[in-house]
Visitor: 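Before anything else, here's the structure in question.
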Amino acid sequence: MKVKKVLWNIFILAVFACAVFYIGWVTFRVKPGYCAVMTSKTSGIYEKPVVPGVFAWRWERLLPTNVNLETFDLAPYKTNQTVAGELPSSKVYKDFAAADADFSYNIKLNISMSITPEEILALYKANKIRTNEDLQEYYGIKSKIAAGLLADAIIKNNTGAVVQPAALAESRILEILMNNKNEFKGMAISSVEISDCKIPDIELYNKAKSSYDSFQKVLQEKLEQQAEKNAESYVEMDKTMKQFEKIGSLMKTYPNLQDMFKTGDAAAIINALKSVK
C-alpha cells in the first residue's frame, strides 16, 4: 500500500510539474512564422522577443490573467509603390530647353522587406507599434520612404528617358539606403523590382538649369546697371530741384532778379547770383 501511495504521489507531482511546465512554456503559444512580445502585470515587457524554436519558459504565466502575448507576422512585407512628379522648377527650366522637354517622372517599384524580432520588440517598447496591424502600417511608411530614395537614385544615375524593368542588386539597394540606415534599423529590404519606369533626361535638365542660371545672372547685372543709372538721375534731379528752390528763395529776397529772368540775360543773371552772399 505504501508503494502504491508513493507511486501515486509521484504521479501527481509529475502531472503537476507537466502542467506547470506547459503553462509557463510561452514558445509553445507562438506559431511558426510569427514572433511575440510578452507583457505581464508583474514584470512589464519581457526583455526578449518570443520566437518559435527558441525555448522560453516564464513563471509569470503561472498567474491567471497576468500575461499577454502580442503576436507579429514575420513574413516579408510586399508592396507596390509608385513615385511620380516633376524635377524641381521644371516649369521654369522647360523654357530654356527643347520645346518638347519633359522633366516628369513615373517609377513603379515592387518592394519586399522584413524586420527582425528584436526590432519589433524595440518598436513595441518605444510605443511605436502595439499590434500586428500597427506593424503593417509601419512597413507601409518605411516602404514609401525607401521607394522615394530608390527612385531618386534611379533618376540621378540615368540620362535616358526610359529604364527597362529590372531588379536592383542587393548591393545596390544597400548602397542607396546606407546614408539613411537609421530609417531602416533592424529591417532588411530583400528585393526591389522596377516594374515600370519613365524618367527625364538629367543631362538636358542640368543644361536647362545652367542656361536659366546664366540668364538670371545677366538679368541681375542689367538690373544693377539700370539701378545705378536711375540712382545717378535721381541725384542730378535732386540737385536741380535744390537749385530751383534756392533761386526761388533768392527771387523773393531780390525782386530785381525777376526782371533779369524775363529778359533772359544769362550774363547778368550769373553776375547777380555771384554778387549774392
Side-chain angles (χ1 to χ4, degrees), residues 76-115 119 128 136-233:
Y77 176 85
K78 297 180 179 180
T79 178
N80 302 322
Q81 294 289 337
T82 299
V83 182
E86 288 186 331
L87 295 178
S89 304
S90 292
K91 294 181 181 179
V92 176
Y93 299 153
K94 192 179 294 186
D95 294 336
F96 294 83
D100 59 345
D102 184 4
F103 296 138
S104 65
Y105 54 85
N106 190 298
I107 303 173
K108 295 181 180 179
L109 302 167
N110 300 327
I111 301 175
S112 179
M113 55 173 43
S114 58
I115 191 167
E119 184 60 21
K128 293 183 178 180
Q136 302 309 306
E137 291 181 8
Y138 182 81
Y139 270 129
I141 294 171
K142 293 302 179 181
S143 63
K144 290 182 184 298
I145 295 174
L149 293 171
L150 293 165
D152 186 59
I154 292 170
I155 293 171
K156 289 181 178 178
N157 290 291
N158 290 275
T159 58
V162 177
V163 173
Q164 294 297 325
L168 295 183
E170 186 175 352
S171 58
R172 180 63 178 140
I173 297 171
L174 291 174
E175 179 186 346
I176 294 172
L177 302 181
M178 185 57 65
N179 291 334
N180 298 271
K181 58 184 179 181
N182 288 336
E183 283 282 0
F184 307 99
K185 183 180 178 183
M187 302 186 74
I189 299 179
S190 53
S191 68
V192 175
E193 293 181 354
I194 305 171
S195 60
D196 191 22
C197 186
K198 171 186 172 294
I199 62 174
D201 189 327
I202 295 299
E203 288 186 359
L204 179 61
Y205 174 81
N206 289 332
K207 287 179 181 179
K209 182 178 183 299
S210 179
S211 297
Y212 175 79
D213 292 341
S214 297
F215 169 76
Q216 288 294 314
K217 184 177 180 181
V218 172
L219 179 62
Q220 184 63 29
E221 290 176 353
K222 294 294 184 182
L223 289 174
E224 290 176 356
Q225 292 174 3
Q226 186 61 42
E228 187 176 347
K229 290 180 181 179
N230 290 340
E232 291 175 356
S233 299

Visitor: Could you state the interatomic distance from NZ (Lys108) to SG (Cys197), rounded to the nearest 0.5 Å?
Guide: 11.0 Å
Visitor: Just by distance, do the side chain of Ser190 and the backbone of Ser112 share a donor-acceptor pair under 3.5 Å?
Guide: yes
Visitor: Let me confirm one number: the CD1-CD1 distance from Ile107 to Ile155, rounded to the nearest 0.5 Å.
Guide: 4.0 Å
Visitor: Go through the structure and list residues passing side-chain contact (heavy atoms from CB on, under 4.5 Å) with Asn110, not counting sequence neighbours.
Guide: Asn80, Glu193, Ser195
Visitor: With rounding to the nearest 0.5 Å, note down the distance linking CD1 in Ile199 to CZ in Phe103.
Guide: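 So the CD1 of Ile199 and the CZ of Phe103 are separated by 12.5 Å.
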Visitor: Counting C-beta onward and ignoring hydrogens, is there a side-chain heavy-atom pair between Val83 and Ile154 closer than 4.5 Å?
Guide: no
Visitor: So, using ring pair (Phe, Tyr, Trp, His ring centres under 6.0 Å) as the criterion, who are the partners of Tyr105 when residues are at least two apart?
Guide: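 For Tyr105 there are no ring pair (Phe, Tyr, Trp, His ring centres under 6.0 Å) partners, ignoring immediate neighbours.
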Visitor: Donor-acceptor pairs are to be reported for all side-chain atoms of residues 136-148 against protein atoms at under 3.5 Å, with residues two or more places apart or in another chain.
Guide:
residue: Tyr139; atom: OH; partner: Ile115; partner atom: N; Å: 3.0
residue: Lys142; atom: NZ; partner: Glu183; partner atom: O; Å: 2.9
residue: Lys142; atom: NZ; partner: Glu183; partner atom: OE1; Å: 2.7
residue: Ser143; atom: OG; partner: Gln81; partner atom: NE2; Å: 3.1
residue: Ser143; atom: OG; partner: Tyr139; partner atom: O; Å: 3.2
residue: Ser143; atom: OG; partner: Gly140; partner atom: O; Å: 2.8

Visitor: Got a sec, which residues hit side-chain contact (heavy atoms from CB on, under 4.5 Å) with Asp102, two or more places apart in sequence or on another chain?
Guide: Ser104, Lys198
Visitor: CD1/Ile176 to CG/Leu149 distance, rounded to the nearest 0.5 angstrom?
Guide: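 Rounded to the nearest 0.5 Å, the CD1-CG separation comes out at 8.5 Å.
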Visitor: Ignoring hydrogens, what is the shortest heavy-atom contact between Pro76 and Ser114? Give both atom names and the distance.
Guide: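 Nearest pair, atom of Pro76 first, then Ser114: CA-CB, 4.3 Å.
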Visitor: Taking only residues two or more places apart in sequence, or in another chain, which ones meet Ser191 in a side chain to side chain donor-acceptor pair (under 3.5 Å)?
Guide: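 Partners of Ser191 by the side chain to side chain donor-acceptor pair (under 3.5 Å) criterion come out as none, since no residue qualifies.
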Visitor: I need the minimum non-hydrogen distance between Met187 and Met113, along with the two atoms involved.
Guide: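 Residues Met187 and Met113, closest heavy atoms: CE-SD, 3.4 Å.
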